[in-house]
Undergrad: 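What follows is a structure written as structure tokens; I'll ask about it next.
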Amino acid sequence: MKTDRTARERHDPACGHGAGADAALPSGAGTGTRALVARVLMEQGPVTAAVVAAELGLTEPAVRRHLDALIADGEAEVRAPARSSRPRGRGRPAREYLLTDTGRVRFGHGYDDLATQALRFLAETAGEQAVDAFARHRVRELLGPDLDAVTAPADSAQRAEALARVLSARGYAAQTRRGGFGVQLCQHHCPVAHVATEFPELCEAETRAFAELLGTHVQRLATIARGDAACTTHVPLEDPELLARARKTVPPQSGAPLHHGPRKGGSPNDDHS
């Protein structure tokens with residue numbers, strides 16, 4: 001079920017190249033001196049600034065500037081040096097630095113590969129319908145606790161803004177932008193983009209959930225999983241029938257859909273994921 005995708009320029013005319021001032025994007029791994037300092041902390045930490053400076057051939061003041069920046073971003077922390085029976089010189093013990101869990105993320109992990117392998121196994125042993133069921137379950141788990149906050153506002157634009165806030169809290173760096181006869185919901189980060197490249201069911205389930213929660217037909221214009229700069233969903237003027245259904249939504253139990261009653265007229269979205 002792996003899809004064949006062509007290379008394309010990472011550009012989204014609706015959301016633009018940048019995230020904007022109101023979207024908090026996660027930091028990248030980087031390739032400069034700061035990344036080299038972080039690597040020494042990962043491989044040898046906890047270590048002193050003097051050790052890092054010697055390892056990289058830098059001055060201690062230069063290393064400390066990078067360490068301070070890592071600490072400010074929550075990527076490194078200071079740990080009191082371990083007590084030693086060996087005598088120390090005068091002055092305070094040198095501070096030791098090590099990476100936090102946030103700092104280790106910049107060097108990558110195998111979670112995406114593990115998730116992809118798990119979904120492949122699920123598809124091979126239980127069929128594609130099992131992958132679809134998992135995708136729906138994932139969206140319920142993602143949005144379930146905040147359904148009321150999304151469906152409470154009076155109009156679709158306000159509901160889209162509420163949904164963007166919920167998604168940002170989940171790490172999707174989302175924001176809304178007015179455009180045409182609706183708004184663009186822009187997700188500048190996707191924690192599952194690598195997996196969704198092979199399993200677009202994740203994007204499709206997400207789009208269906210957006211339509212049901214926002215009470216209007218939505219259209220997915222772009223996705224990070226297929227090479228675009230952002231996941232962009234067009235939210236048009238509201239559909240009264242879907243809006244009434246969304247406002248009756250309660251936090252779903254495991255295995256329950258995001259709406260009550262059968263759908264009428266097919267899927268409430270036009271998904272191009």
Side-chain angles (χ1 to χ4, degrees), residues 1-20 22-26 28 108 111-120 122-123 128 131-143 150 156 159-180 182-214 216-236 258 266-273:
M1 48 191 306
K2 189 171 183 177
T3 56
D4 181 21
R5 303 178 186 277
T6 58
R8 67 183 70 193
E9 181 184 4
R10 292 178 62 83
H11 174 66
D12 179 359
C15 292
H17 288 286
D22 55 340
L25 287 173
Y111 299 154
D112 287 349
D113 291 338
L114 178 63
T116 301
Q117 292 174 19
L119 286 178
R120 287 175 188 163
L122 185 64
E128 293 188 5
V131 177
D132 290 333
F134 169 79
R136 292 193 300 271
H137 174 76
R138 175 186 168 272
V139 175
R140 287 193 297 272
E141 292 294 308
L142 179 71
L143 301 175
V150 175
S156 57
R159 288 191 297 277
E161 292 173 1
L163 178 57
R165 288 192 294 270
V166 171
L167 291 171
S168 288
R170 303 290 193 274
Y172 285 77
Q175 62 179 167
T176 59
R177 295 184 179 182
R178 298 295 180 106
V183 297
Q184 306 290 345
L185 175 62
C186 303
Q187 297 159 248
H188 295 278
H189 178 61
C190 177
V192 297
H194 177 75
V195 182
T197 299
E198 183 168 341
F199 294 93
E201 292 89 343
L202 298 175
C203 298
E204 293 162 4
E206 184 179 272
T207 307
R208 287 193 297 268
F210 288 177
E212 294 175 355
L213 288 175
L214 298 176
T216 184
H217 295 272
V218 302
Q219 183 179 17
R220 183 60 64 92
L221 303 177
T223 63
I224 295 173
R226 68 185 187 189
D228 297 300
C231 296
T232 307
T233 305
H234 178 67
V235 183
L258 282 170
S267 177
N269 71 87
D270 182 8
D271 182 17
H272 295 277
S273 295

Undergrad: Test side chain to side chain contact (heavy atoms under 4.5 Å, CB included) on R177 and V183; report intermediate values, then the result.
TA: CA-CA 5 Å; R177 295 184 179 182; V183 297; over 6 Å; no
Undergrad: Quick check: closest heavy atoms across G171 and H189, and the distance to 0.1 Å?
TA: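 The pair with the smallest heavy-atom distance is O-CD2, 2.9 Å.
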Undergrad: Using atom types as modelled and distance alone, determine if a side-chain donor or acceptor of T197 lies under 3.5 Å from a backbone N or O of A225.
TA: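 Checked: pair present.
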Undergrad: Looking only at heavy atoms, which two atoms of Q187 and I224 are closest? And how far apart?
TA: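 So the two residues come closest at O-CD1, 3.7 Å.
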Undergrad: Would a distance-only check, ignoring hydrogens and angles, find a side-chain to backbone donor-acceptor pair under 3.5 Å from R170 to L142?
TA: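 Answer holds: yes.
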Undergrad: For residues V192 and F199, determine if any side-chain heavy atom of one lies less than 4.5 Å from a side-chain heavy atom of the other.
TA: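 V192 vs F199: side chains apart.
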Undergrad: Would you confirm whether D228, through its side chain, and T223, through its main-chain N or O, come within 3.5 Å as a donor-acceptor pair?
TA: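 The answer is yes, because a donor-acceptor pair under 3.5 Å joins these two groups.
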Undergrad: Compare all side-chain heavy atoms of C203 with those of E201 and state whether any distance is below 4.5 angstrom.
TA: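 Result no, sub-4.5 Å side-chain heavy-atom pair not found.
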Undergrad: Check whether any side-chain heavy atom of H234 sits under 4.5 Å from a side-chain heavy atom of V218, and report yes or no.
TA: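 The answer is no, as the side chains (C-beta and beyond) never meet within the 4.5 Å cut-off.
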Undergrad: Considering only heavy atoms from C-beta outward, does the side chain of Q184 approach that of V235 to under 4.5 Å?
TA: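 No, every pair of side-chain atoms sits at 4.5 Å or beyond.
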Undergrad: Which atom names give the shortest non-hydrogen contact between A230 and H188, and what distance separates them?
TA: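 Taking A230 first and H188 second, the nearest heavy atoms are CB-ND1, 4.0 Å.
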Undergrad: Is there a side-chain contact between E206 and Y172 in this structure, where contact means two heavy atoms from C-beta onward sitting under 4.5 Å apart?
TA: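 Result yes, sub-4.5 Å side-chain heavy-atom pair found.
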Undergrad: Between the side chain of R159 and the main-chain N/O of L214, is any donor-acceptor distance below 3.5 Å?
TA: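 Yes, R159 side chain to L214 backbone: donor-acceptor pair under 3.5 Å.
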Undergrad: Output the distance between atom CZ (F210) and atom CG (L163), rounded to the nearest 0.5 Å.
TA: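 If I round to the nearest 0.5 Å, the distance is 5.0 Å.
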Undergrad: Determine whether T233 and Q219 satisfy the following criterion, side chain to side chain contact (heavy atoms under 4.5 Å, CB included), listing intermediate values before the conclusion.
TA: CA-CA 6 Å; T233 305; Q219 183 179 17; over 6 Å; no
Undergrad: Under a 4.5 Å cut-off applied to non-hydrogen side-chain atoms, are L143 and L167 in contact?
TA: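 In short, these two side chains touch, coming nearer than 4.5 Å.
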Undergrad: Report yes or no: does S168 contribute a side-chain atom to a donor-acceptor pair with the main-chain N or O of A174 at less than 3.5 Å?
TA: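 Indeed, once roles are kept as given, a pair shorter than 3.5 Å links the two residues.
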Undergrad: So R220 and E204, do their side chains get closer than 4.5 Å, heavy atoms only?
TA: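 No - every pair of side-chain heavy atoms lies 4.5 Å or more apart.
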Undergrad: Which heavy atom of V195 sits nearest a heavy atom of D112, and at what distance?
TA: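 Smallest interatomic distance, heavy atoms only, reads CG2-O, 3.7 Å.
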Undergrad: Just verifying a value: how many Å separate T207 OG1 and E212 CD, rounded to the nearest 0.5 Å?
TA: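 The OG1 atom of T207 sits 11.0 Å away from the CD atom of E212.
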Undergrad: Could you pull out the closest heavy-atom pair between A160 and L185, with the gap in Å?
TA: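 Shortest heavy-atom separation between A160 and L185 comes out as O-CD1, 4.0 Å.
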Undergrad: For the atom pair CG (L213) and OG (S156), what is the distance rounded to the nearest 0.5 Å?
TA: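 If I round to the nearest 0.5 Å, the distance is 13.5 Å.
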